[in-house]
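What follows is a set of notes on a single structure, which appears directly below.
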Amino acid sequence: EVQVVESGGGFVHTGGSLRLSCTLSGFTGDSWGVGWFRQAPGKEREGISCLSSPDGTTTYTDTVKGRFTLSSDHAKKTVYLQMDNLKPEDTAVYYCAARPFYLCSAYGVFADAMHYWGQGTQVTVSS
């Protein structure tokens with residue numbers, strides 16, 4: 001059974017940092033792409049970043065570029081989203097999603113391209 005498990009959300013003040021983790025289990029292939037999405041109350045789900053492995057391609061939306069950083073441990077099938085200089089507008093439920101053999105595109109990451117989703121983790125940034 002394929003599972004996508006996120007962890008690492010929480011509460012921070014403006015300017016603080018959090019690191020989210022996304023672990024893929026049950027993936028049998030050696031190539032996959034992981035997208036991070038977020039949904040704030042009353043807003044649509046937004047794709048914010050993408051990492052494909054093992055090639056290491058990463059993409060970021062302009063709203064998080066320069067503040068958020070992706071990394072991965074390919075052997076552990078885990079992707080990390082380091083979030084620095086957090087702002088109140090970053091408050092949302094963050095979702096990790098994955099798809100085997102997916103290559104991230106400079107045009108962005110789209111929810112309907114993903115096959116497997118995590119349960120979401122809350123990130124709250126207080127001013």
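Contacts classified as side-chain hydrogen bond (donor to acceptor under 3.5 Å, both in side chains) and involving residues 6-19 (residues at least two apart or in different chains) are given here: Ser17-Asp84.
Between Pro100 and His115, the closest side-chain pair of non-hydrogen atoms falls below 4.5 Å.
Partners of Lys65 according to the salt bridge (charged side-chain N to carboxylate O under 4.0 Å, His left out) rule, which considers only residues two or more places apart in sequence or in another chain, are Asp62. When the salt bridge (charged side-chain N to carboxylate O under 4.0 Å, His left out) test is applied to Arg38, the partners found at least two apart in sequence or on another chain are Glu46, Asp90.
Note that the OG1 atom of Thr58 and the CZ atom of Phe68 stand 14.0 Å from one another [nearest 0.5 Å]. Distance check, rounded to the nearest 0.5 Å: OG1 of Thr69 to OH of Tyr60 gives 5.0 Å. Atom OG of Ser127 and atom CD of Glu89 lie 10.0 Å apart (nearest 0.5 Å). Taking CG of Leu103 as the reference point, atom OG of Ser53 lies at 10.5 Å (rounded to 0.5 Å).
Under the 4.5 Å side-chain heavy-atom criterion for ILVMFWY residues, a single connected hydrophobic cluster contains both Val2 and Trp36. By the criterion of side-chain heavy atoms lying less than 4.5 angstrom apart, applied directly or through intervening Ile, Leu, Val, Met, Phe, Trp or Tyr residues, Tyr116 is grouped together with Val79 in one hydrophobic cluster.
The minimum heavy-atom distance between Leu70 and Ser49, with the atom names listed, is CD1-CB, 3.7 Å. When every heavy atom of Ile48 is checked against every heavy atom of Val64, the shortest pair comes out as O-CG2, 3.6 Å. Closest non-hydrogen pair, Val123 versus Gly9, comes out as CG2-CA, 4.2 Å. Between Leu18 and Leu86, the shortest heavy-atom distance links the atoms N-CD1, 3.9 Å. The shortest non-hydrogen separation linking Tyr107 to Phe110 is O-CZ, 3.6 Å.
Through direct or relayed side-chain contacts under 4.5 Å between Ile, Leu, Val, Met, Phe, Trp and Tyr, Phe101 connects to no other residue. Residue Phe37 shares its hydrophobic cluster (ILVMFWY side chains chained together at separations under 4.5 Å) with Val93, Tyr95, Tyr102, Val109, Met114, Trp117.
A donor-acceptor contact shorter than 3.5 Å links the side chain of Thr91 to the backbone of Val125.
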Distance-only criterion, 3.5 Å: show the donor-acceptor pairs between side-chain atoms of residues 20-34 and protein atoms not counting sequence neighbours.
{"from": "Thr23", "atom 1": "OG1", "to": "Thr78", "atom 2": "OG1", "distance (Å)": "3.1"}
{"from": "Asp30", "atom 1": "OD1", "to": "His74", "atom 2": "NE2", "distance (Å)": "3.0"}

